[in-house]
Every structure is written in structure tokens, then in C-alpha cells.
Amino acid sequence: MAPTSPIPGMVNADMPGRSQRVTAAEHALMTRRETVLGPAYRLFYEEPVHLVRGAGVWLYDAAGDAYLDVYNNVASLGHGQPDVVAAVTRQWATLNTHTRYLHETILDYAEKLLGLFPEHLGYVMFTCTGSEANDLAYRIAKSHTGGTGVIVTDLAYHGVTDAVSQFSPSLGAGVPRGPHVRTVRAPDAYRRGEADLGAAVAADVRAAIADLHKHGIKPAMMICDAIFSSDGVFADPPGFLAEAAEAVREAGALWVADEVQSGFGRTGNALWGFMRHGLEPDMVTLGKPMGNGQPIGGVVMRPEVVAEFGRMSRYFNTFGGSPVSCAAGLAVLEVIERDALVANARQVGFYLRTALEELANRHEAIGDVRGAGLFVGVEIVSDRAAKTADAATTTRVVNGLRRKRVLISASGPQANVLKLRPPIVFSTAHVDTFVAALDEVLSDRSASPP
Ligand code: PMP
């Protein structure tokens with residue numbers, strides 16, 4: 001089916017006045033947005049949230065009310081994390097330039113970061129965003145393989161550049177898939193019946209490779225988000241991607257692990273989501289939580305894949321890898337280690353999934369609870385046995401929680417998977433607060449707020 005908006009309840013800025021609960025001040029902000037930002041932006045929620053401050057897992061609106069953040073994986077260590085703030089402030093006050101001067105911080109950071117990857121990944125190049133990282137990975141893959149073909153999952157999202165948007169089908173039918181792009185089904189263990197999901201995914205990938213060849217297109221890479229965040233959150237069974245990665249390699253193409261969502265400890269087993277699958281990527285792309293909000297992304301790679309690219313072109317990204325960004329990145333890694341946040345994501349994520357499974361005993365609408373660490377998907381259905389996706393209830397839940405000042409969103413091809421992705425400093429007490437709010441919203445059968 002045609003992809004629907006991955007974010008139900010998202011409202012267009014041209015719809016002020018939808019809810020009577022939107023204040024006059026909020027209306028005014030929405031109108032100003034429309035006037036200067038144009039038609040392409042979207043706000044979250046039927047009643048948009050006007051945030052003015054953040055601290056830890058809490059966000060505060062203009063009235064001073066606190067919202068529990070169960071959604072933002074950029075401020076993954078919490079909003080306004082003091083060690084990151086101090087590192088950035090110190091570096092800003094000292095020097096902020098770029099990678100064309102000698103400077104220790106980029107090297108300290110690159111060495112530390114590379115030390116956290118398997119040994120075969122020996123270089124890192126810095127960008128400002130995840131989109132830029134994926135764009136660069138694609139350029140490198142093309143120069144190494146001589147191919148152009150790309151394989152992604154049905155509803156993948158990898159970013160906004162012209163090249164990357166062509167292999168980001170979750171942008172919807174209005175953003176055409178490139179003629180060199182092939183999609184494979186998402187590894188939906190809930191709806192797909194295969195006994196061996198890994199073999200089935202690999203068979204789809206082999207078919208996509210064959211189809212590229214049939215059309216005279218040489219495959220360059222398969223790029224994959226190990227937690228499948230826009231496809232609907234799929235984590236299990238661990239290892240199901242390994243055979244697909246082999247198939248890609250056999251075809252002479254590269255496996256690119258997009259860790260923009262699953263990186264930096266979120267999935268709870270290791271720092272990187274691909275490790276859950278026991279595969280060795282040729283490149284890994286990074287973003288979002290890398291600087292806890294400071295714009296920094298990157299590509300980590302096997303040295304040989306960038307040899308030709310380095311021979312043919314120079315690389316300079318004005319803001320990518322600046323001293324301030326690298327100071328933020330270094331502080332992020334230090335805090336993850338010091339506060340054992342990978343283990344926290346694992347333990348609190350397990351507690352969250354267990355609590356949601358208990359909630360499912362009382363709420364028929366919960367069809368499935370899945371995920372890894374603190375990246376959790378909750379499938380909302382109208383008929384459990386038939387697994388009928390229920391986007392309307394999902395929208396009601398997302399907006400109902402927002403009214404209770406709990407922030408989440410949703411994803412999946414049928415827009416019916418609650419997407420839970422709190423900062424990885426989340427505690428079991430925060431889980432209890434969240435689950436109690438979800439319980440109340442699921443119990444409230446009234447279709448819409450007064
Ligand atoms: N890859 C994935 C898996 C993402 O989720 C995103 C952002 N949502 C990106 C890449 C693009 O990152 P950015 O918005 O920083 O360009």
C-alpha cells in the first residue's frame with residue numbers, strides 16, 4: 001500500500017484553529033510559522049507544543065508545565081546535559097574553526113570513537129547531519145564499487161538530500177524513488193509468517209540485486225537502519241540481517257549500517273545496533289545522538305572502501321568536525337561510559353517492555369510489544385487475532401498522551417505503531433509514569449477531547 005504519514009497526528013501549519021485547546025498565543029506562533037517558513041513544515045500533535053526549556057527527560061512549555069519526553073533520541077543523555085553543555089561552552093569560548101587547521105580535539109574524538117568500533121573500521125569522516133553522512137556514504141560506495149544501485153527497506157528513511165531522499169521511501173509517494181533504488185519488505189516478524197526471517201530477508205535482497213542487474217544497474221550498497229524505526233520498529237530475532245549482508249557482499253556491493261537511530265547505546269546490547277546482528281558493515285553512518293543536540297554526524301568505514309574516493313576528490317565540510325562539535329561528541333561518549341548508559345538502556349528498556357506486556361493483558365488494542373533497549377514499538381490493532389492495524393486509535397493515543405503531557409509519536413506503513421524512544425537516561429520511575437498515562441488514555445474510549 002502507499003505509505004501514509006509515518007507520524008499520525010502531525011498537523012500542517014496551515015490548520016490553526018483545529019482544536020479549541022490551542023491558545024491565542026499558540027495560534028499566533030502557528031500563523032507566523034506559516035508566513036515565513038512556508039508550506040513544507042509539519043508540527044507534531046493536533047495541539048502543537050510550545051517548548052521553552054528542557055532538563056533531563058523533561059521538557060517545559062511556555063506556561064511552565066512539564067512534559068515527559070518519551071520520544072527524543074537526539075538529546076539522548078537528557079536535555080541540557082551538564083557535561084555536554086560545559087564541554088561545548090568551554091570550547092566555544094576558546095576556539096571554533098574547522099578541519100583545515102591542526103587541532104587535537106578532532107583527533108582525540110576520532111581515536112576514541114574508532115576505538116569503540118570493530119577493528120576493521122579504521123577511518124571516520126565528519127558531517128553535520130545524518131543525511132549528509134548517508135549522502136557521503138553513497139558517494140563513497142559508488143566510487144568503490146563502480147555501481148549506483150541502492151537497496152533499502154519498504155519504508156526506510158535515510159535523509160533529505162536529493163540523492164538520499166531517492167532512497168528514503170518513507171517520505172511518501174510525492175518524493176519519487178530513484179530508478180536505481182530497489183526496496184525489500186521490512187522484517188516484520190509480527191505479520192510475516194516465515195520460520196526463518198533471516199533467510200527470507202536475504203531472499204528478498206537477492207531478488208532486488210537480480211532485478212537491478214536485469215535493468216543494467218550495478219549494485220553499490222544496501223543501507224539499513226538496524227532498528228527499522230520508520231518501517232515500524234523491528235529488532236528480533238537478533239542476527240536476522242547477517243545473511244542479507246552476505247548476499248550484498250557477494251554481489252560486490254557494500255553494507256552500510258545507518259546508526260543514526262540505533263547508535264550510541266540506544267538498543268541496549270552494545271553501542272551499535274548492527275552488533276545485535278553479528279555482521280560486519282563496510283560503512284557505518286552516525287548522527288542524531290552523537291552530539292546530544294550539537295549538529296554532528298559521521299561515516300565510519302573500512303579503509304579500502306574510501307581509497308578511490310580519496311584519490312579522486314577532496315573532502316571538506318565547513319562545520320563537520322569542528323572543535324565545538326568534537327568536544328560535544330567526546331563528552332557524549334564519556335558520559336555514556338561513566339554513567340553506564342548502555343546497560344541502563346538495556347535494563348530500563350526491558351522494564352518498559354515488560355510493563356507494556358502487562359498492560360496488554362488489560363488492553364486488547366495492544367497487538368504487539370517489541371524493540372531493543374530503549375527503542376520500543378507498540379502495535380495498536382482493532383482486532384488482535386486478525387492483527388488489524390488501527391491508525392485512528394493510534395492517533396487518539398498519541399494526542400491523548402500529549403494532553404497528559406507525555407510526548408511520543410508513531411510509525412509504520414499503517415501509522416499504527418507507537419514509537420517510544422526516550423533519552424537513554426530514562427529510569428524505571430519514568431517508565432511507571434509513562435505506562436500509567438498510557439493505561440489511562442487506552443481506557444478512555446471517548447473519541448476526541450471535549
Ligand atoms: N537516518 C535515519 C535512520 C534517520 O532516522 C534520520 C533522521 N530521522 C536520518 C538518517 C537523517 O538524519 P538528519 O535528520 O540528521 O539529516
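Every number for a ligand or one of its atoms is a count from 1 in the order of the listing.
Using a 30° and 60° split on the angle between ring planes, Y109 and F126 fall in the parallel class, below 30°.
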Could you list each nitrogen or oxygen of ligand 1 that sits under 3.5 Å from a protein nitrogen or oxygen, with the atom names and the distance?
{"residue": "ligand 1", "atom": "1 (N)", "partner": "D258", "partner atom": "OD1", "Å": "3.4"}
{"residue": "ligand 1", "atom": "1 (N)", "partner": "D258", "partner atom": "OD2", "Å": "2.7"}
{"residue": "ligand 1", "atom": "5 (O)", "partner": "Q261", "partner atom": "NE2", "Å": "2.6"}
{"residue": "ligand 1", "atom": "8 (N)", "partner": "K288", "partner atom": "NZ", "Å": "3.1"}
{"residue": "ligand 1", "atom": "15 (O)", "partner": "G130", "partner atom": "N", "Å": "3.0"}
{"residue": "ligand 1", "atom": "16 (O)", "partner": "S131", "partner atom": "N", "Å": "2.8"}
{"residue": "ligand 1", "atom": "16 (O)", "partner": "S131", "partner atom": "OG", "Å": "2.5"}

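No donor-acceptor distance shorter than 3.5 angstrom exists from the side chain of N416 to the backbone of E379, with no hydrogens or angles considered. With hydrogens and angles disregarded, a donor-acceptor distance shorter than 3.5 Å links the side chain of R346 to the backbone of G268.
Here the shortest heavy-atom pairing between Q166 and P179 reads OE1-CD, 4.3 Å.
Residue Y315 qualifies as enclosed at atom OH: its count of foreign heavy atoms under 6.0 Å is above 12.
Taking the ring centre of F309 as origin, the terminal cationic atom of R139 falls outside the region bounded by 6.0 Å and 45° from the ring axis.
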